[in-house]
Amino acid sequence: MGNGMGSIRKMKRNQQPKFNHQLNLPFVESVVFDRGFLAGAKEQRESDINCLVDLLEGLEEWPGIGEITAKKIRQHFLAKFGIEEASNGKLEG
């Protein structure tokens with residue numbers, strides 16, 4: 001009776017786990033880095049667009065830039081960056 005229980009315990013100790021729970025650390029670090037990088041890049045892009053919108057809204061205040069030139073500059077950047085102009089003339093980032 002003692003031999004039977006000991007052999008079962010020994011068999012359980014020698015069994016391989018069904019799933020490999022060890023993480024591939026370089027892969028996980030790469031995924032985490034990429035996610036963080038992409039999140040940071042998205043935040044930076046949104047910030048850059050907001051700064052650009054602020055600059056484009058105040059173009060007429062710059063010396064030497066009139067209404068017509070400001071409109072041409074806005075149209076160029078709107079086309080280039082895909083920023084929409086609202087019906088009230090305000091830029092939306």
Side-chain angles (χ1 to χ4, degrees):
M1 194 165 162
N3 288 339
M5 291 298 281
S7 62
I8 291 175
R9 286 185 189 139
K10 188 175 181 180
M11 285 177 22
K12 284 186 177 182
R13 266 188 298 179
N14 293 332
Q15 280 183 337
Q16 294 295 323
K18 293 181 181 180
F19 300 103
N20 183 1
H21 295 289
Q22 292 181 343
L23 296 175
N24 181 348
L25 195 54
F27 174 74
V28 171
E29 288 175 342
S30 172
V31 169
V32 170
F33 176 83
D34 289 345
R35 285 183 183 172
F37 184 85
L38 292 174
K42 180 181 176 190
E43 285 289 324
Q44 185 64 51
R45 180 168 169 75
E46 289 173 2
S47 175
D48 291 346
I49 288 173
N50 288 334
C51 288
L52 179 61
V53 167
D54 290 343
L55 286 172
L56 292 176
E57 285 181 344
L59 282 176
E60 289 90 352
E61 298 170 11
W62 294 11
I65 297 181
E67 192 175 315
I68 295 172
T69 304
K71 184 176 181 179
K72 289 178 184 178
I73 294 171
R74 282 191 193 104
Q75 287 174 343
H76 172 74
F77 279 101
L78 291 175
K80 195 81 164 166
F81 293 104
I83 302 171
E84 297 179 15
E85 189 169 5
S87 58
N88 63 2
K90 292 282 185 180
L91 299 175
E92 297 178 349

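Just so we're clear, the structure is a prediction, and the values are computed from it rather than from any experiment. Along the sequence shown, residues are numbered consecutively beginning with 1.
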Measure the [atom1]-[atom2] distance between [X] and [Y] for me, rounded to the nearest 0.5 Å.
X	Y	atom1	atom2	result
L55	E61	CG	CD	10.5 Å
L56	L78	CG	CG	6.5 Å
K72	H76	NZ	NE2	13.5 Å

In the hydrophobic cluster built from side-chain contacts under 4.5 Å, what are the other members alongside I68?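 None, because no other hydrophobic side chain comes under 4.5 Å of this residue.
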
Sequence neighbours left out, cut at 3.5 Å: what donor-acceptor pairs do the side chains of residues 26-45 make with other protein atoms?
residue, atom, partner, partner atom, Å
Q44, NE2, D48, OD1, 2.8

Does a side-chain heavy-atom distance below 4.5 Å link W62 with T69?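 Of all side-chain heavy-atom pairs linking T69 with W62, none is under 4.5 Å.
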
For R74 against E60, the heavy-atom pair lying closest together: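 So the minimum-distance heavy-atom pair works out to NH2-OE1, 2.8 Å.
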
Please find the pair of heavy atoms, one from I73 and one from I65, that lie closest to each other, and give the distance.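 Heavy atoms of I73 and I65 come nearest at CD1-CD1, 4.4 Å.
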
